[in-house]
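Beneath this line is the structure, given in structure tokens, with notes to follow.
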Amino acid sequence: MVLNRKGSIAMIDAMIFIILLSAVSVTMFANIMPDNVHDGPNAKTVCDDLFSMKLDSSTLFDTEDTQILPISTLIAANMNSGHKEEMRSFIKRVMDDLIPDIYGYDISMTFKGDEMIVERHAGGDISSEYSCSQPVVGSMHIDVRIRLY
């Protein structure tokens with residue numbers, strides 16, 4: 001059997017060329033990131049995600065009258081009826097799901113002059129902050145401020 005050395009050398013040369021080309025392209029594109037990439041969560045996005053929720057009223061109240069309501073209405077009802085601790089623990093669970101553990105947050109919600117604060121501290125400076133007013137039934141609203149650390 002006769003071996004053709006020119007063919008095997010050409011194939012090895014092509015493989016080396018592909019490996020070098022791959023290494024160069026990986027090196028070139030490894031450090032390129034789009035300008036709009038943000039290192040952590042955004043407070044406005046977190047606020048939009050939180051207040052886009054609609055829940056069954058029996059999730060937070062002992063009631064037989066189940067209605068699907070926006071979370072802002074349920075927050076206001078809980079704050080108005082003096083059940084802030086149940087609401088605080090629910091909001092904390094939701095915020096813990098929305099924001100990775102390495103980030104801290106505090107969210108302040110004010111309804112009719114009554115304020116409720118939910119927080120998880122991770123230290124550091126404020127990386128994102130957002131304030132808004134969320135509608136409740138009628139013309140009432142909840143003032144919300146979210147800060148992420």
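Sequential numbering from 1 along the given sequence is applied to the chain's residues. These numbers were taken from a predicted model, which means no experiment stands behind them.
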Would you list the atom pairs, donor with acceptor, under 3.5 Å between side chains in residues 12-25 and any protein atom, with sequence neighbours excluded?
unit_1 : atom_1 : unit_2 : atom_2 : d
S22    : OG     : I18    : O      : 2.9
S25    : OG     : L21    : O      : 3.3
S25    : OG     : S22    : O      : 2.9

Atom pair CZ (R88) and CE (M79), whose distance is rounded to the nearest 0.5 Å: 8.5 Å

Heavy-atom pair with the smallest gap, counting every atom of C47 and C132: SG-SG, 3.3 Å

Interatomic distance, N80 atom CG to M87 atom CE [nearest 0.5 angstrom]: 13.5 Å

V94 with I102, same ILVMFWY side-chain cluster at under 4.5 Å: yes

Heavy-atom pair with the smallest gap, counting every atom of S133 and D143: OG-OD1, 3.6 Å

CD on Q134 to CG on D48, rounded to 0.5 Å: 7.5 Å

Close side-chain approach of R147 and Y149, heavy atoms under 4.5 Å: yes

Exercise: identify the closest heavy-atom pair between I99 and P41: CG2-CG, 4.1 Å

Nearest heavy-atom neighbours spanning D49 and S52: O-OG, 2.9 Å

Beyond-backbone contact of L55 with M53, side-chain heavy atoms, under 4.5 angstrom: yes

Shortest non-hydrogen contact between D106 and E119, atoms and distance: CB-CB, 3.7 Å

Check ion pair D97-R93 (N to O, under 4.0 angstrom): no

Modelled atom types, side-chain donor and acceptor of E85 and H83, under 3.5 Å: no

Interatomic distance, H141 atom NE2 to S72 atom OG [nearest 0.5 angstrom]: 11.5 Å

Student check: side-chain heavy atoms of M95 and V46 closer than 4.5 Å: yes

Close side-chain approach of H121 to Y105, heavy-atom, < 4.5 Å: no

Side chain S128, main chain A43, donor-acceptor under 3.5 Å: yes

R120 side chain reached by D96 side chain, heavy atoms, under 4.5 Å: yes

Any M116 side-chain heavy atom under 4.5 Å of I75 side chain: yes

R145 side, atom CZ; E129 side, atom CD - distance, nearest 0.5 Å: 6.5 Å

Residues which pass salt bridge (charged side-chain N to carboxylate O under 4.0 Å, His left out) with K112, listed by chain and number, not counting sequence neighbours: none

Spacing of CG belonging to N78 relative to CD1 belonging to I71, to within rounding of 0.5 Å: 9.5 Å

Student check: side-chain heavy atoms of P70 and F51 closer than 4.5 Å: no

Test item: S127 side-chain N/O and L148 main-chain N/O as donor-acceptor pair under 3.5 Å: yes

Side chain proximity check, L50 to I91, heavy atoms < 4.5 angstrom: yes

Within one Ile-Leu-Val-Met-Phe-Trp-Tyr cluster: Y130 and Y103, side-chain cutoff 4.5 Å: no

same_hphob_cluster(I142, I117) at 4.5 Å side-chain heavy-atom cutoff: no

